[in-house]
Structures are given as C-alpha cells and as structure tokens.
*Asks:* 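Let me begin by handing over the structure; questions about it come next.
Values reported hereafter were calculated over all heavy atoms of this structure, with side chains retained and with hydrogens, waters and symmetry mates removed. Atoms within a ligand are numbered from 1 in the order they appear, just like the ligands themselves. Predicted model only: the values in this text are computed from it and were never measured.
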Amino acid sequence: MAKLIDGKLLAEDVISTVKSETEKLVAATKVTPGIAVVIVGEDPASQVYVASKGRKAKECGFHSVQHTLAETATEQELLALIDELNNDPAIHGILVQLPLPKHIDESLVIQAINPDKDVDGFHYINVGKLGAGDAASAFVPCTPAGAMIMIERQHGHDLSGLTAVVIGRSNIVGKPMFNLLLSANATVTVAHSRTKNLEDLARSADILVAAVGRPQMVKGDWVKPGATVIDVGINRIPAPEKGEGKTRLVGDVDFDSAEKVAGAITPVPGGVGPMTIAMLMANTLVAACRAAKVPAPKF
Ligand code: NAD
C-alpha cells in the first residue's frame, strides 16, 4: 500500500510559515502583504474559490480585498481596475479568477498585470523566467509549485537519475510542472492527448503527475511499482451510492487501484488542492518581501 501524501497537513505547514514570516515582515518593515482578488460574473464555483482565498489571506494576516465586477463588465473596465491595483502600494498580489466571460480577452488581462504582482505566475515574464531556469526570481503557478513541494518531500530537492512523466500540457499545470521537474534534474516527458502508448510511458515514471481533467483515467497498471503519484485532477462524478443526484470529487488517477502499486500517492480531495491555495499565500508574501526589499522566505 502506498504512503498517503497528506496535502492538508503540508498546506498547514506552508500556511504556518506564511503566518510567522508575515508577522516578522510587519514588525521589521511595517509592510503588510496585500492581495486583491478580482472576479467577473457570478460563476458559483469561482465564487467559492474566491471566498476561500479571501478567508485564507485574512488567516495569514494579509490585507485582502475582493473586487466583484458584473458579468457584463467591459474589457476596458477590467483593465482600468488592473491598472489601479498595479499602482496601489498596499497591494502586492493580484489574482484574476479565471475563466473570464467570453467577451473579455483573458490573455490581454493577464499580461496587463504588473509581473511583480502576478502571484498566479501567468504573466509571460514569469513564464519566461521559469522556462529559463530562474524559478527563484519568478512567480511559479501555485498548483505545480504545490505539487513540487509534495515531490520534494518524497525525493529531496535533487531528482537526478529519476524519470518523471507529466500527463497534460496546459499553461497552468503541465508546462510549469515540466519546468520545475527539469530544473530539479529529473528526466521529464510531457504526455498529452496526442501521445501514443500513454500507459507504457506512464509505467516508466518514478514520478507520475496527472493533470488531465479525466476522472480516474490513470489505472493501477499504468503505475510503476513504488512510483510517486501526484494527482492534480479535480473531477465531479455522479455518486448514486450517496443518494439520488449526489456527486463526489475524484482525481485523474483511479486511487483504489493505484495506491496498491505506488510508493506514495496524493488523494483527491485533500491532496494538491489545499497546496494550491497555500502557495498563493506564499507567493503573495514573497511579493510583499520583494516590494519591501527584504529577503523572501523559501518554500
Ligand atoms: P486543461 O484542460 O487545460 O489541460 C488538460 C491537458 O490534458 C491537455 O494538455 C490535454 O492535452 C491533456 N489530455 C486531455 N485528454 C488526454 C488524454 N486522453 N490523454 C492524455 N492527455 C490528455 O486542464 P488543466 O487546467 O491543466 O487541469 C487539469 C486538471 O487539473 C483538471 O481536472 C483541473 O480541474 C485540475 N486542476 C486542479 C487544480 C488544483 O488546485 N488541484 C488546479 C488547476 C487544475
């Protein structure tokens, strides 16, 4: 049976460092980390995410503001808000909740964020830094950054000689995950929807990261015995056993069969999810430290 990688516990660890380092920062410089979360429209899932980010920020001792724009807000209105936040010295991190309504160009909005406040790590300056091997001065997207901490807890910071396979090539998860693993000296392959013989490839991995968005796709016989399996997927499936119309969350990995083969595995929920929000807080603290020109803690 695989060791369970407890994302909740690890996330609490990160949050407790964020809290204590925030206290130190405030005491030394009077700078309180500030985060602005921007949401456009009423998407219920996005509302839930944004509310929990706001709560976590307050828990960390941050100054936290939420800007809610109507579904009908124009691109110009949103860009004007970003400009205002870029110029607000009390705000160190700006997060625009995605997806945005169809009439707004998501890329245009993200590229308008000051890269020094881009705590999601989606601005091309930060994407480029990570790609060039300069993760230390970049903001790294929160989900792969959290997944990487989980991997480091199993294998240490140097993954020399280990083979990693990332399934999924999104800008948010797959590609930055590739760069982080490569920077740590792993030999990395990125698989995607056009990959042939995915099962064989997955079975070659000492570290297998699934970021696909397909419920329980990765079966136990895709997993190399003893491998570390990081399940990024969050999928809602019907759960008639819980009652009519009920649902439950599952990952991209078929947990029951994979845990029999893996050496270590993340659950869903309670795995990568809690780490994502913790890393958002960590990135915001780092942004505030950089603005205050004091050394930032490492996570
Ligand atoms: P995405 O849809 O942008 O990318 C999915 C990737 O999977 C694509 O690159 C695609 O090529 C690949 N893919 C699709 N079908 C495939 C197949 N049959 N075989 C191999 N590869 C295939 O998704 P994303 O934003 O990267 O998210 C992936 C999953 O992670 C989703 O379930 C999402 O909800 C979840 N997610 C979780 C967190 C978190 O906090 N835990 C954060 C972001 C995303």
Side-chain angles (χ1 to χ4, degrees), residues 5-11 14-15 37 43-46 48-53 55-56 95-100 106-107 110 119-122 127 130 139-151 164-181 188-205 208-219 221-223 229-237 247-255 258 265-283 299:
I5 304 174
D6 187 339
K8 276 195 201 153
L9 210 66
L10 278 175
V14 172
I15 293 293
V37 182
D43 176 58
S46 292
V48 172
Y49 290 141
V50 163
S52 68
K53 285 167 187 170
R55 271 196 307 275
K56 210 36 112 182
L95 184 141
V96 177
Q97 185 66 42
L98 303 177
L100 290 170
E106 226 164 67
S107 172
I110 288 165
V119 285
D120 254 341
F122 296 159
V127 174
L130 179 60
F139 287 110
V140 177
C142 301
T143 299
M148 197 61 198
I149 289 183
M150 296 171 133
I151 292 166
V165 171
V166 179
I167 313 179
R169 59 171 162 182
S170 72
N171 290 337
I172 293 175
V173 189
K175 283 180 198 155
M177 193 74 242
F178 161 79
N179 276 312
L180 287 169
L181 288 161
V188 197
T189 306
V190 179
H192 48 80
S193 54
R194 309 292 175 91
T195 300
K196 275 191 185 159
N197 303 327
L198 182 58
E199 302 178 30
D200 288 341
L201 187 64
R203 239 184 330 262
S204 73
L208 181 61
V209 181
V212 189
R214 293 188 170 245
Q216 299 168 313
M217 182 182 84
V218 176
K219 307 293 179 201
D221 61 0
W222 296 32
V223 175
V229 177
I230 306 291
D231 189 354
V232 179
I234 300 179
N235 311 289
R236 198 164 273 290
I237 62 166
T247 59
R248 66 187 176 105
L249 288 182
V250 296
D252 292 340
V253 176
D254 179 34
F255 185 87
I265 187 167
T266 62
V268 177
V272 177
M275 286 301 278
T276 297
I277 188 156
M279 294 317 291
L280 177 65
M281 301 303 132
N283 278 354
F299 288 91

*Asks:* Do the non-hydrogen side-chain atoms of K53 and I277 ever get within less than 4.5 Å of each other?
*Replies:* yes
*Asks:* Return the minimal non-hydrogen interatomic distance between F122 and P141, and the atom names on each side.
*Replies:* CE2-CB, 3.9 Å
*Asks:* Who's touching ligand 1 if we go heavy atoms under 4.0 Å?
*Replies:* T143, I167, G168, R169, S170, V173, H192, S193, L198, A211, V212, G213, R214, M217, V232, G233, I234, N235, V272, G273, T276
*Asks:* With heavy-atom distances below 4.5 Å as the criterion, would you say the side chains of I230 and I5 are in contact?
*Replies:* yes
*Asks:* Using the side-chain contact (heavy atoms from CB on, under 4.5 Å) definition, which of the options D254, L208, V212, L198 pairs with V218?
*Replies:* L208
*Asks:* Please name the pair of heavy atoms, one in E106 and one in L98, separated by the smallest distance, quoted to 0.1 Å.
*Replies:* CG-CD2, 3.4 Å
*Asks:* Report yes if the side chains of I234 and L249 come closer than 4.5 Å at any heavy-atom pair, otherwise no.
*Replies:* yes
